[in-house]
Amino acid sequence: MRKSVMYAVPIALVTLMSVGSTAAQANDGVLFPNVHAMRMAQPAGGNFNQELVKEYKEIALFEADEMYDWFDAENHATKGVMAQNGNTPLPYDPENWGIEDPAKMAELKSARSELVGLLDAGGREMAPSEAAIAQAKYDCWVEQQEEGHQPTHIAACRDTFMAALNNLKAAMEPKVATTDVTQTYAEVAREIVYFDFDKDTITPDAQAKIDAFVVEMKKLKGITLFITGHTDTSGSNEYNKDLSARRAANVRAELDRQGMTTGDIEDLEIAAEGEEQPAVQTGDGVREQLNRRVEIIAQGAVTETSRVTTVTTN
């Protein structure tokens with residue numbers, strides 16, 4: 001199709017274009033308006049259409065000024081003008097070009113199908129620069145393949161297209177990021193239950209608090225409970241140590257019964273503080289209910305030490 005148009009051009013016009021690049025450039029605003037428009041264009045880049053303007057300007061001016069192929073220069077420039085005006089052109093359809101080799105035609109059609117598939121899958125928005133380069137290089141390949149007499153130019157356009165297509169695919173791949181996160185354990189909750197004077201049995205009020213605490217803790221993962229028994233200052237130190245141990249043991253047994261994991265305490269005496277850590281400071285021999293208590297401390301992982309992989313799509 002393109003060659004038939006070229007052969008219809010008057011001899012005087014062909015002569016004008018054959019005198020060299022300088023003379024042709026002087027007239028391209030009249031004879032080839034889209035080449036002239038591309039020569040004047042100052043594409044900013046960024047979105048797909050502006051990136052296309054950059055690519056088509058480069059290829060159009062190369063064809064005009066280096067190869068003196070003003071007809072193909074105008075073809076490429078026409079697509080650049082379309083993009084500049086906000087109309088997105090598609091890659092050339094090789095069926096509209098005079099490509100006689102069936103194998104070459106099949107290769108071009110397959111390549112175009114893959115390219116258009118990527119563009120329609122969001123390539124224009126995800127990777128505008130890579131997408132524009134791939135389209136322009138494909139069009140270069142189609143044009144050179146139709147001419148068919150410059151194998152090195154055909155190979156150059158084909159190879160640069162293939163490289164650009166691979167770059168587009170890579171740019172559209174989901175991004176995988178791996179991040180190191182530091183694991184720390186800290187107190188995430190605490191409950192205190194109180195006991196009657198000189199008793200180690202769990203009161204109804206204490207039972208209700210334990211039940212509610214277990215419900216909340218079962219919503220969390222990786223929780224470990226630590227239990228510490230206390231007494232007031234009434235009684236001897238030795239007696240109060242034993243009493244605080246029995247209180248802690250009863251609370252621990254109740255938590256175990258409800259399926260909660262408690263701390264790994266080999267000797268429960270370790271968690272029996274007796275009267276040594278009162279919640280309320282008193283003198284010796286003072287009955288203080290706030291000191292007759294068992295503290296349940298829940299610890300859990302605030303963060304985790306691991307390789308956290310995040311996958312994001314463009």
Side-chain angles (χ1 to χ4, degrees), residues 174-313:
K175 300 299 185 290
V176 179
T178 303
T179 306
D180 287 323
V181 182
T182 302
Q183 182 180 33
T184 58
Y185 284 89
E187 180 179 323
V188 296
R190 178 185 293 250
E191 184 60 273
I192 301 175
V193 295
Y194 296 97
F195 289 79
D196 292 335
F197 174 70
D198 198 25
K199 301 292 184 181
D200 60 23
T201 54
I202 297 174
T203 67
D205 287 345
Q207 184 66 55
K209 294 178 73 174
I210 292 172
D211 293 345
F213 183 74
V214 168
V215 170
E216 293 303 313
M217 292 303 99
K218 285 186 175 180
K219 297 176 183 178
L220 306 178
K221 295 182 179 180
I223 297 299
T224 301
L225 304 180
F226 296 90
I227 305 161
T228 306
H230 302 269
T231 68
D232 58 27
T233 59
S234 177
S236 67
N237 287 341
E238 182 178 356
Y239 179 82
N240 285 336
K241 279 281 188 180
D242 178 70
L243 178 59
S244 67
R246 285 187 277 119
R247 287 172 174 169
N250 287 342
V251 171
R252 179 176 182 172
E254 177 59 23
L255 290 169
D256 287 341
R257 185 187 70 81
Q258 295 198 39
M260 296 300 297
T261 301
T262 54
D264 185 12
I265 304 173
E266 295 182 0
D267 185 354
L268 197 56
E269 290 291 336
I270 296 174
E273 298 295 340
E275 61 182 67
E276 295 177 2
Q277 295 184 5
V280 178
Q281 294 293 332
T282 68
D284 189 31
V286 177
R287 299 181 181 183
E288 172 56 60
Q289 184 174 16
L290 294 180
N291 290 338
R292 301 193 297 266
R293 71 198 192 279
V294 167
E295 295 183 359
I296 311 167
I297 300 172
Q299 288 192 350
V302 177
T303 56
E304 297 181 358
T305 301
S306 60
R307 300 293 287 176
V308 177
T309 300
T310 305
V311 180
T312 59
T313 55

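Below, each value reflects all heavy atoms present in this structure, side chains not excepted, and no hydrogens, waters or symmetry copies. The shown structure was predicted, so the numbers you read here are calculated from the model rather than taken from an experiment.
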Chi angles and distances behind the side chain to side chain contact (heavy atoms under 4.5 Å, CB included) call for Leu225, Phe213: CA-CA 11 Å; Leu225 304 180; Phe213 183 74; 4.0 Å; yes

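- Judged by distance alone, the side chain of Arg293 and the main-chain N or O of Thr228 form no donor-acceptor pair under 3.5 Å.
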Phe197/Thr231 under side chain to side chain contact (heavy atoms under 4.5 Å, CB included): CA gap, chis, key distance, verdict: CA-CA 9 Å; Phe197 174 70; Thr231 68; over 6 Å; no

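- For the pair Ala298 and Ile223, the tightest heavy-atom approach, listed with the atom from each and the gap, is CB-CG2, 3.8 Å.
- Here the side chain of Asn250 pairs a donor or acceptor atom with the backbone of Asp200 at under 3.5 angstrom.
- Side chains of Tyr194 and Asn291: a donor-acceptor N/O pair is absent below 3.5 angstrom, by distance only.
- When the options Glu275, Arg292, Arg287, Glu288 are evaluated for a side-chain contact (heavy atoms from CB on, under 4.5 Å) with Ser234, the one that passes is Arg287.
- Atoms CG and CZ, from Leu243 and Phe195 in turn, are 8.5 Å apart once rounded to the nearest 0.5 Å.
- Between Asp284 and the choices Thr233, Asp232, Asn237, the side-chain contact (heavy atoms from CB on, under 4.5 Å) rule is met once, by Thr233.
- Comment: Glu238 does not engage Lys241 in a salt bridge, judged by the lack of any side-chain N to carboxylate O separation of less than 4.0 angstrom.
- The neighbour count for Lys218 NZ, taken as heavy atoms of other residues, nucleotides or ligands under 6.0 Å away, is above 12.
- A distance of 11.0 Å separates OG1 in Thr201 from CD in Gln207, rounded to the nearest 0.5 Å.
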Thr203 vs Asp196, side chain to side chain contact (heavy atoms under 4.5 Å, CB included): CA-CA, chis, key distance, verdict: CA-CA 8 Å; Thr203 67; Asp196 292 335; 3.8 Å; yes

Steps toward side chain to side chain contact (heavy atoms under 4.5 Å, CB included) verdict (Gln258, Ile210): CA-CA 10 Å; Gln258 295 198 39; Ile210 292 172; 4.1 Å; yes

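- Scanning for salt bridge (charged side-chain N to carboxylate O under 4.0 Å, His left out) contacts around Arg190 gives Glu187, Glu295, with sequence neighbours left out.
- Closest approach of Gly229 and Ala248 over heavy atoms only: N-CB, 3.8 Å.
- Sorted by first and then second residue, the salt bridge (Lys or Arg N to Asp or Glu O under 4.0 Å) pairs involving residues 201-215 (not counting sequence neighbours) are Glu191-Lys209.
- To the nearest 0.5 angstrom, Ile227 atom CD1 is 10.0 Å from Met260 atom CE.
- Side-chain contact check for Leu255 versus Val214: some heavy-atom pair is nearer than 4.5 Å.
- In this structure Glu254 satisfies the salt bridge (charged side-chain N to carboxylate O under 4.0 Å, His left out) test together with Arg257, sequence neighbours excluded.
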